[in-house]
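Everything below concerns the one structure shown next.
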Amino acid sequence: MQTITVIVTIDGDLRRTRTQRIISNFMGRRADQITANDPDLVNRLNGGNSGGNGGPVGFTADGTLQNNQMSFSTSLRQIIGSSEAARAKRREELGQMMSLGQQSIAGATIDNGSSFDLWVQGKWSHVEQDTSQSDVGLLYMGADYRMSPALLFGLMGQIDWTDEEDTIQNLSANGRGWMIGPYVAARLHQNLLFDGRAAWGQSDNKVSPFGTYKDSFDTDRWLVRGQLTGDFKVDHWQFSPHVRVIYFEEEQKAYRDSLGVFIPGQTISLGRLTFGPKVSTSFKTADGSVMSPHLSITGIWDFDKAETVDIATGLAAGSDDDLRTRVDAGVAVRMLNGWSLNGEGFYDGIGADDLEAYGGSVTLVVPLN
């Protein structure tokens with residue numbers, strides 16, 4: 001019996017082209033996640049945390065069978081303030097029990113006595129599609145100092161990790177990255193606030209273009225962002241229009257893969273302008289709880305778009321539209337016992353073909369007792 005051995009070889013140009021496209025798509029999707037989830041820092045000037053919810057720790061979880069995400073945020077000022085508020089409430093209750101209501105400190109302002117603050121904010125998401133799945137994690141850590149009620153400076157670091165896999169196309173990619181840099185928030189006028197930041201960093205990544213061998217590649221990256229936010233109040237209504245510009249660039253360094261094929265370097269960039277109004281109000285319900293609904297409409301213009309392409313043909317695989325609209329709506333309820341419940345939902349992709357995203361979340365904040 002004669003044995004026939006068949007050896008299948010993959011052309012070097014094919015390996016090079018396929019690998020470059022996989023890396024480009026991977027970096028482009030990661031850039032979209034990093035820019036879309038950049039923290040809103042203007043709230044820190046108003047004494048809030050980076051995530052914008054109250055209590056010592058804010059936690060959010062939501063999702064479906066194919067899409068799940070969790071997020072949290074906290075700060076030193078939040079934890080101390082919440083603990084002080086809980087102690088003040090207990091003292092007030094004790095005073096009322098002893099008929100010493102005149103010594104009540106209800107309504108007193110809680111202040112940790114320091115202009116320095118530490119904060120942390122994180123998010124994780126898992127997405128499953130027909131043949132692929134991905135996991136994305138983002139962790140932000142910051143320290144800032146309030147120079148005055150109208151000016152704050154800080155230093156922020158971030159860590160991100162991304163894992164992608166496609167079982168039908170037999171490919172996978174994953175990476176761990178970081179960036180660090182300064183930020184500032186300032187009240188330029190009674191009705192105008194500014195916040196901005198810059199950051200630089202690197203990432204370490206692995207790619208398996210055929211599901212067999214796996215190679216490593218490195219990147220250098222940088223980001224810059226600026227935002228102007230309006231602050232207008234009419235009776236019980238709050239109007240907060242904003243305009244934000246963010247630009248992210250990441251350069252993949254050239255390398256040779258496990259089979260000796262040279263993989264050239266490439267640069268992925270994403271520039272995005274967002275703008276639009278946010279309207280909110282607050283009112284008391286019959287049982288004394290405070291209800292705060294809000295609605296925002298955001299225009300999103302990608303003036304420098306990180307395109308994704310078909311791995312086989314190299315043709316554009318995503319939406320061709322650079323401009324779209326997103327609508328967010330929600331309501332927060334603060335109860336008399338100090339608990340707060342926040343429900344939010346969004347719809348993204350209005351005005352764009354081949355792009356539709358929607359979701360919601362529920363956040364429960366429980367104060368320390």
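Not measured: the values here are computed from a predicted model. The figures here come from the full heavy-atom set of this structure, side chains too, leaving out hydrogens, waters and symmetry mates.
At a threshold of 4.5 Å between side-chain heavy atoms, the hydrophobic network of Ile, Leu, Val, Met, Phe, Trp and Tyr places Ile22 and Leu259 in two separate groups. Cluster membership check: Leu192 shares its hydrophobic cluster with Phe275, using side-chain heavy-atom separations under 4.5 Å among Ile, Leu, Val, Met, Phe, Trp and Tyr. A chain of hydrophobic side-chain contacts below 4.5 Å, direct or via other Ile, Leu, Val, Met, Phe, Trp or Tyr residues, connects Leu323 to Leu273. Met147 and Leu118 fall within the same hydrophobic cluster, where Ile, Leu, Val, Met, Phe, Trp and Tyr residues are linked whenever their side-chain heavy atoms come under 4.5 Å apart, directly or through other members. One hydrophobic cluster holds both Leu341 and Trp339 under the rule that ILVMFWY side chains link at heavy-atom gaps under 4.5 Å.
Side chains of Arg77 and Arg44 form a contact here, defined as non-hydrogen atoms less than 4.5 Å apart. Contact annotation: the side chain of Leu151 approaches that of Val184 to within less than 4.5 Å [non-hydrogen atoms, C-beta and beyond]. Contact annotation: the side chain of Arg225 never approaches that of Tyr183 to less than 4.5 Å [non-hydrogen atoms, C-beta and beyond]. Proximity of Ile159 to Met141: side-chain heavy atoms (C-beta onward) are separated by under 4.5 Å at one or more points. The shortest side-chain heavy-atom distance between Ile268 and Ile23 does not fall under the 4.5 Å cut-off. In this structure the side chain of Phe153 never reaches within 4.5 angstrom of the side chain of Tyr145, judged on heavy atoms. A 4.5 Å side-chain heavy-atom check between Arg221 and Met27 finds every atom pair outside the cut-off. Using a 4.5 Å heavy-atom threshold, the side chains of Phe26 and Asn205 count as touching.
Judged purely by atom type and a 3.5 angstrom limit, Ser289 has no side-chain atom pairing as donor or acceptor with the backbone of Thr285. Side-chain atoms of Asp310 come within 3.5 Å of backbone atoms of Ala312 as a donor-acceptor pair (strictly under, hydrogens ignored). Gln252 contributes a side-chain N or O that, together with a main-chain N or O of Pro264, makes up a donor-acceptor pair within less than 3.5 Å. In this structure, Ser208 contributes its side chain and Ser172 its backbone to no donor-acceptor pair below 3.5 Å. Although no hydrogens or angles enter the test, the distance criterion places no donor-acceptor pair under 3.5 Å between the side chain of Ser24 and the main chain of Gln20.
The number of heavy atoms from other shown groups lying within 6.0 Å of CE (Met335) is above 12.
Shown here for Tyr140 and Asn37, the closest heavy-atom pair between the two residues is OH-O, 3.4 Å. Closest non-hydrogen pair, Arg197 versus Gln158, comes out as NH2-OE1, 2.7 Å. When all heavy atoms of Leu295 and Ala329 are compared, the pair lying nearest together is CD1-CB, 4.0 Å. The minimum heavy-atom distance linking Trp119 with Ala143 is given by the pair NE1-N, 4.2 Å. Closest heavy-atom contact between Thr298 and His242: CG2-CE1, 4.1 Å. Minimum heavy-atom separation, Leu270 to Ala306: CD1-CB, 4.2 Å.
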Side chain to side chain contact (heavy atoms under 4.5 Å, CB included) between Tyr255 and Thr19, intermediate numbers included: CA-CA 11 Å; Tyr255 69 96; Thr19 302; 3.3 Å; yes
Pair Arg146-Asp117, side chain to side chain contact (heavy atoms under 4.5 Å, CB included): steps then yes or no: CA-CA 9 Å; Arg146 191 183 305 274; Asp117 196 19; over 6 Å; no
Residue pair Trp178, Asp204: steps toward the side chain to side chain contact (heavy atoms under 4.5 Å, CB included) verdict: CA-CA 9 Å; Trp178 62 270; Asp204 301 315; over 6 Å; no
Audit row: Asn25, Thr308, side chain to side chain donor-acceptor pair (under 3.5 Å) steps and yes/no: CA-CA 5 Å; Asn25 286 350; Thr308 57; 5.0 Å; no
Intermediate values then yes/no, side chain to side chain contact (heavy atoms under 4.5 Å, CB included), Arg272 and Asp32: CA-CA 9 Å; Arg272 176 170 290 165; Asp32 183 72; 2.7 Å; yes
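Aromatic ring orientation, Tyr247 versus Phe303: parallel (interplanar angle below 30°, classes split at 30° and 60°). Classified by interplanar angle (parallel below 30°, tilted 30° to 60°, perpendicular above 60°), the ring pair Trp124/His126 is parallel.
Judged by distance alone, the side chains of Asp166 and Thr131 do bring a donor and an acceptor atom under 3.5 Å apart. Ser203 and Thr219 are linked by a side-chain donor-acceptor pair at a separation below 3.5 angstrom, with hydrogens and angles left out of the test. With no hydrogens or angles considered, no side-chain donor-acceptor pair links Glu164 and Thr162 at under 3.5 Å.
Exactly one residue among Arg187, Gln190, His189 makes a side chain to side chain contact (heavy atoms under 4.5 Å, CB included) with Asp231. That residue is Arg187.
The OH atom of Tyr347 sits 13.0 Å away from the CG atom of Asp328 when rounded to the nearest 0.5 Å. Rounding to the nearest 0.5 angstrom, the gap separating the CD1 atom in Ile300 from the CZ atom in Arg244 is 10.5 Å.
The cationic atom of Arg15 (NZ for Lys, CZ for Arg) does not lie both less than 6.0 Å from the six-membered ring centre of Phe210 and within 45° of the ring axis.
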